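For reference, the structure is listed below as structure tokens.
In this text the structure is predicted, and so the values were computed from the model without any measurement.
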Amino acid sequence: MKVKHLAICIAISSFTLHLSAAVNPKNGGANHKSTTAAPVVEGWYFRAVSGYPAAIGFEPVVLFKNGEYFDIGDEPLETLDVAASKSSRPKAWGTWKKNGATFLLINNEGKSHDYKLGAGNWFPAYAYTGAVKLKKGYEKVSGGDYGNGTNALVIKKISFIDDTHFAEGSNGGVMTPGATAWKKTGFKGGTYKVYGNTIELNYGSKVIKKSFAFGATGSPAHPTNTMIFIGGDAYTDTE
């Protein structure tokens, strides 16, 4: 009986130890959440894109030293989970290589596109360092002619009131041969701060981090505050 009792105790202890390891995050258990950080960055750029109904637009792209590229979206690189992003936004990922002054980007479907600095479709993008200040107002205009007499227009606006406060709002409308509808949202805002390629928007009840970059101008190219990228969207100044 003593041997049987000892065997039962050992079995219970072994099961308890196994269960503890499974649920203890420190032991790498089921509750532990791992995040795959972004690879080392080679450089930030933005490219000209075309599509219906808008004639042309711009989108920021990050090239990584490991040979991958990423079409920047809402989330900044500092909080990016690469594995989750590749699952939720597979078309945002691809590979790249450089041949002389030409950048060759190959998307997740194997289609390649070549870009060259100075050719009008590929430009450097820049982080915020404080050397170039934000302007007071920016807007993003989207929409266009959808055919059959239908036109749509959406304008998103953001104002940097001073070095710490911002406000944002939007208005938009749809026009058809038989009707017109227009909607305007009131400006809301809070405080903000920009560092590197991240902007933090503090609404009081929550803080949202988004990707950020300056556009480029001139030859040789240098950062300009007439175009900025917030959350992957291109904004132009309203001054």
Side-chain angles (χ1 to χ4, degrees), residues 25-51 56-132 193-201 207-224 227-235:
K26 293 183 179 180
N27 293 331
N31 289 342
H32 179 67
K33 183 179 179 181
S34 61
T35 299
T36 306
V40 178
V41 173
E42 173 70 23
W44 281 66
Y45 296 86
F46 66 98
R47 58 182 171 182
V49 293
S50 60
I56 191 169
F58 298 99
E59 60 182 25
V61 181
V62 173
L63 306 184
F64 297 113
K65 287 185 179 293
N66 67 356
E68 292 183 306
Y69 78 80
F70 177 54
D71 290 336
I72 285 292
D74 220 34
E75 188 176 14
L77 289 185
E78 67 176 275
T79 60
L80 182 68
D81 185 322
V82 173
S85 177
K86 288 182 176 180
S87 176
S88 62
R89 297 182 62 216
K91 292 184 178 180
W93 291 85
T95 59
W96 72 278
K97 55 185 178 181
K98 186 178 179 183
N99 183 13
T102 301
F103 295 79
L104 183 67
L105 274 62
I106 305 169
N107 66 20
N108 72 322
E109 296 177 345
K111 297 180 180 179
S112 61
H113 300 273
D114 61 313
Y115 303 94
K116 186 177 181 180
L117 291 173
N121 63 356
W122 186 252
F123 314 88
Y126 299 91
Y128 181 87
T129 63
V132 178
K193 61 180 178 179
V194 192
Y195 50 92
N197 288 113
T198 300
I199 183 170
E200 289 187 13
L201 303 174
V207 177
I208 296 178
K209 291 185 177 182
K210 293 187 176 185
S211 60
F212 178 88
F214 279 120
T217 190
S219 180
H222 55 275
T224 178
M227 175 184 286
I228 61 174
F229 294 91
I230 299 177
D233 292 328
Y235 287 76

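T102 OG1 to W122 CH2: the interatomic distance, rounded to the nearest 0.5 Å, is 11.5 Å. Interatomic distance, T79 OG1 to D74 CG, rounded to the nearest 0.5 Å: 9.5 Å. Atom OG1 in T129 sits 15.5 Å away from atom OH in Y195 (nearest 0.5 Å).
You'll find the side chain of Y126 stays beyond 4.5 Å of the side chain of W44, heavy atoms only. Side-chain atoms of Y235 and I228, non-hydrogen and from C-beta on, do get closer than 4.5 Å to each other. Annotation: side chain of I230 is in contact with side chain of F212 (closest heavy-atom distance under 4.5 Å). For the pair F103/L63, a side-chain contact is recorded, criterion being any heavy-atom separation below 4.5 Å from C-beta on. Contact annotation: the side chain of I199 never approaches that of K193 to less than 4.5 Å [non-hydrogen atoms, C-beta and beyond].
A salt bridge does not link K210 to D233: none of the charged side-chain nitrogens sits closer than 4.0 Å to a carboxylate oxygen.
Exactly one of V82, V40, L77 qualifies for a side chain to side chain contact (heavy atoms under 4.5 Å, CB included) with F64. That residue is L77. For the side chain to side chain contact (heavy atoms under 4.5 Å, CB included) with S112, the qualifying choice from I106, T95, L105 is I106, the only one to do so.
Across P76 and N197, no two heavy atoms sit closer than the pair CB-O, 4.3 Å. Of all heavy-atom pairs spanning P60 and G232, the tightest one is CD-O, 3.4 Å. Nearest heavy-atom pair, A234 versus F229, reported as atom, atom and distance to 0.1 Å: CB-CE2, 3.5 Å. Nearest heavy-atom pair, I72 versus S211, reported as atom, atom and distance to 0.1 Å: CG2-OG, 3.1 Å. Across every non-hydrogen atom of A216 and F46, the tightest pair is N-CE2, 3.6 Å. What you find for S85 and F70 is that their closest heavy atoms are OG-CE1, 3.5 Å.
Annotation for N99: atom CG does not count as buried by contact number, only 12 or fewer foreign heavy atoms lying within 6.0 Å.
Between Y45 and Y115, the gap from one ring centroid to the other reaches at least 6.0 Å.
No hydrogens or angles considered: nothing links the side chains of N107 and E109 as a donor-acceptor pair under 3.5 Å. Counting only N and O atoms by type, the side chains of E42 and Y69 include no donor and acceptor under 3.5 Å apart.
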Requested in this report: Check the pair K65 / V41 against side-chain contact (heavy atoms from CB on, under 4.5 Å), numbers first and verdict last.
Outcome: CA-CA 6 Å; K65 287 185 179 293; V41 173; over 6 Å; no
Query raised in the report: Is there a side-chain contact (heavy atoms from CB on, under 4.5 Å) between F123 and M227 once you walk through the steps?
Result: CA-CA 12 Å; F123 314 88; M227 175 184 286; over 6 Å; no
Requested in this report: Start with the C-alpha gap between E68 and K86, add the side-chain angles, then the distance that decides, and say whether salt bridge (Lys or Arg N to Asp or Glu O under 4.0 Å) holds.
Outcome: CA-CA 12 Å; E68 292 183 306; K86 288 182 176 180; 2.6 Å; yes
**Report entry** Verdict with reasoning, R47 to E59, per salt bridge (Lys or Arg N to Asp or Glu O under 4.0 Å)
**Finding:** CA-CA 6 Å; R47 58 182 171 182; E59 60 182 25; 2.9 Å; yes
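Listed for the H113 side chain is no donor-acceptor partner under 3.5 Å among the backbone atoms of K111.
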